[in-house]
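Accompanying notes for the structure given below.
Remember, it's 1-based here, ligands and their atoms both numbered in the order they're listed. Values reported hereafter were calculated over all heavy atoms of this structure, with side chains retained and with hydrogens, waters and symmetry mates removed.
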Amino acid sequence: MLKGKAALVTGSTSGIGLGIAKALAAQGANVMLNGFGDADAIAKVRKDVEAAGVATGYSAADMSKPADVAALVEACVKELGAVDILVNNAGIQHVANVDEFPLDAWDRVIQINLTSCFQSIRAALPHMKKRGWGRIVNVASAHGLVASAGKSAYVAAKHGLVGLTKVVALETAASAITCNAICPGWVLTPLVQKQIDALAERKGISGAAAKAELLSEKQPSKEFATPEQIGGLAAFLCSPAADQIRGSSFSIDGGWTAQ
Ligand code: NAD
């Protein structure tokens, strides 16, 4: 379905981004990988994605640095010949109440989770327009639709990303470029494992008990969504069936935001 397309997935060395990279590769897209990790781990990630019979590129561009974001888009065009699909996935979390939230943590979360998405879209759109086709998929969150205490910067960034998605969709509405958002609930990735470990330590409970508590608080299915499921939704949004899906946000959250 995506044979010959070039996909750039930010933050794709682990978790949801890697799940999306594999799902796009399974449809034939060549993938530009990005994110942190040691050389061995990144070599393994590349091999895993290439197992689908596609080419990969890799860049360690840091989404906290605006110049790196633009350079990442250009590196994708240089290495894979285009940027047909852009998945803005890199993200970080910081948990603290507003009156104790460090100013630099606020800036970092907003830059990586929101501003870098604006910067990558800004850099990628001219390339998509030139080729007359494009898919932009922004990985927002259930926290793009509802809030939780302690996550002011993350919730503000993800709500902002849902808004940015709508604007880009309107500006590209008369073209074959679409822009949509995915809003996952809890997915068991390193980002969430850190929150489980913190909860277990704070309450003096086991990791398994902390996992169960995290899920029962927000996610009625009491099961994690998986990177593979998020990848499946991203691949669908890149398919012809999704040609007229524009500016939408898709919950994949075990019922979290249905409450
Ligand atoms: P993760 O920590 O497993 O992976 C994050 C990826 O981003 C990694 O590849 C990491 O190297 C990369 N990354 C981090 N900072 C970066 C930076 N400055 N520059 C470039 N790459 C950077 O996290 P995840 O859970 O897979 O999260 C991926 C996205 O999904 C994030 O935007 C997150 O907000 C969102 N999300 C996650 C969940 C969840 O439950 N895990 C739920 C909703 C939304």
Could you tell me the residue and atom name of the protein heavy atom closest to [atom], and the distance to it rounded to 0.1 Å?
atom                    : value
atom 15 (N) of ligand 1 : F36 CE1, 3.6 Å
atom 9 (O) of ligand 1  : T13 OG1, 2.7 Å
atom 23 (O) of ligand 1 : L191 CB, 3.4 Å
atom 43 (C) of ligand 1 : P184 O, 3.3 Å
atom 7 (O) of ligand 1  : G11 CA, 3.3 Å

Could you check whether [X] pairs with [Y] (Lys NZ or Arg NE/NH1/NH2 to Asp/Glu carboxylate O, under 4.0 Å)?
X    : Y    : value
R135 : D84  : no
E213 : K203 : yes
D40  : K44  : no

Assess, by modelled atom type and distance only, whether the side chains of [X] and [Y] contain a donor and an acceptor separated by less than 3.5 Å.
X    : Y    : value
Q111 : Q119 : yes
E74  : H127 : yes
R246 : T178 : no
T10  : N34  : no
K129 : T172 : no
K211 : Q193 : no

So if I count the atoms of ligand 1 from 1 in the order they appear, which ones are less than 4.0 Å from some heavy atom of [X]?
X    : result
S14  : 1 (P), 3 (O), 4 (O), 8 (C), 9 (O)
P190 : 3 (O)
K158 : 31 (C), 32 (O), 33 (C), 34 (O)
G35  : 11 (O), 21 (N)
G91  : 31 (C), 32 (O)
G15  : 3 (O), 26 (O)
Y154 : 33 (C), 34 (O), 35 (C), 36 (N), 43 (C), 44 (C)
V192 : 39 (C), 40 (O), 41 (N)

Discussion item. Looking at E50, I want to see if its CD is surrounded by more than 12 non-hydrogen atoms of other residues, nucleotides or ligands under 6.0 Å.
Written reply: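 Yes - once you tally the heavy atoms of other residues, nucleotides and ligands closer than 6.0 Å, there are more than 12.
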Discussion item. Taking NZ in K65 as the centre, count heavy atoms belonging to other residues, nucleotides or ligands within less than 6.0 Å. Is the count above 12?
Written reply: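 Check fails, neighbour count at 12 or below.
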Discussion item. Does the plane of the ring in W256 sit parallel, tilted or perpendicular to the ring in W186? Use 30° and 60° as the thresholds.
Written reply: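 Ring orientation, 0 to 90° scale: tilted.
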Worksheet item: Does V45 reach the side chain of T56, with side-chain heavy atoms less than 4.5 Å apart?
Response: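 The answer is no; the side chains never approach within 4.5 Å.
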Give the contacting part of [X] toward ligand 1: side chain, backbone, both or neither, where contact means a heavy-atom distance below 4.0 Å.
X    : result
A140 : backbone
A225 : neither
A61  : backbone

Quick one: which of [options] has a heavy atom closest to [atom]?
atom                    : options              : result
atom 40 (O) of ligand 1 : V187, V139, D68      : V187
atom 25 (O) of ligand 1 : V69, N34, T189, L188 : T189
atom 29 (C) of ligand 1 : I20, N88, I16, N89   : N89

[X] N/O under 3.5 Å from ligand 1 N/O:
X    : value
D62  : yes
G185 : yes
S141 : no
M63  : yes

Fill in: Ring-ring centroid check Y154 H94, cutoff 6.0 Å
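No.
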